[in-house]
Structure formats: structure tokens, C-alpha cells
**Student:** 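My questions will all concern the structure given below.
Bear in mind the structure is a predicted one, so any value in this text is a computation, not a measurement. The chain is numbered in sequence order, starting from 1.
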Amino acid sequence: MKVLPNDPVILLSTVNMKLRDFYSSLDALCEDLEEDKQEIIEKLAAIDYEYDAAANQFI
């Protein structure tokens with residue numbers, strides 16, 4: 001079940017908020033929400049954001 005938005009800008013905001021407030025890593029978020037990690041990475045790369053594991057956010 002997809003719970004994350006498709007729009008890349010809204011996806012960025014939603015994922016970063018969830019990473020900040022609820023998840024210790026992108027892997028944990030994807031596993032819990034049953035989302036495709038690579039799909040998220042690719043959508044956000046399209047708007048020039050990449051995941052920074054040390055910061056646990058897309059920057």
C-alpha cells in the first residue's frame with residue numbers, strides 16, 4: 001500500500017519529516033511503510049536531492 005505522495009516536492013517534505021520524527025533510517029522507513037527505497041531515491045534525485053545517512057535526511 002502506497003502511503004507516500006507522488007509529487008517529488010511533497011514527497012521530499014513528507015519523507016524528511018518522517019525520518020526526523022519517526023525513523024532512524026531510510027531503510028527503516030521503507031520497510032515499515034512497504035515503500036520502494038530505490039523509487040524514493042530516484043524521484044528525489046530528479047529534483048536534485050540525495051539521501052545523507054549521517055543526517056538521516058534528503059539534502
**Student:** Please name all residues satisfying salt bridge (Lys or Arg N to Asp or Glu O under 4.0 Å) with Glu39, sequence neighbours left out, ordered by chain then number.
**Tutor:** Lys2, Lys43

**Student:** Mind listing the closest non-hydrogen atom pair of Leu19 and Gln57 along with its distance?
**Tutor:** CD1-CA, 4.0 Å

**Student:** Rounded to the nearest 0.5 Å, what's the gap from CD1 on Ile59 to OH on Tyr49? Could you check?
**Tutor:** 10.0 Å

**Student:** Taking side chain as C-beta onward, heavy atoms only, is Asn56 less than 4.5 Å from Arg20?
**Tutor:** no

**Student:** Are any non-hydrogen side-chain atoms of Asp36 and Cys30 less than 4.5 angstrom apart?
**Tutor:** no

**Student:** Treat each ILVMFWY residue as a node, draw an edge where side-chain heavy atoms are under 4.5 Å apart, and state whether Ile10 and Val3 are in one component.
**Tutor:** no

**Student:** Can you find a pair of side-chain heavy atoms, one from Leu11 and one from Leu44, that are under 4.5 Å apart?
**Tutor:** yes

**Student:** With a 4.5 Å limit on heavy-atom distance, are the side chains of Leu33 and Lys18 in contact?
**Tutor:** yes

**Student:** Mind checking what makes ring-ring contact (aromatic ring centres under 6.0 Å, His included) contact with Tyr51, not counting sequence neighbours?
**Tutor:** Phe58

**Student:** Just verifying a value: how many Å separate Ile40 CD1 and Thr14 OG1, rounded to the nearest 0.5 Å?
**Tutor:** 10.5 Å

**Student:** Who are the salt bridge (Lys or Arg N to Asp or Glu O under 4.0 Å) partners of Asp52, not counting sequence neighbours?
**Tutor:** none

**Student:** Are the side chains of Ser25 and Leu29 in touch, meaning some heavy atoms are under 4.5 Å apart?
**Tutor:** no

**Student:** Does the side chain of Ile41 reach to within under 4.5 Å of the side chain of Glu50, using non-hydrogen atoms?
**Tutor:** no

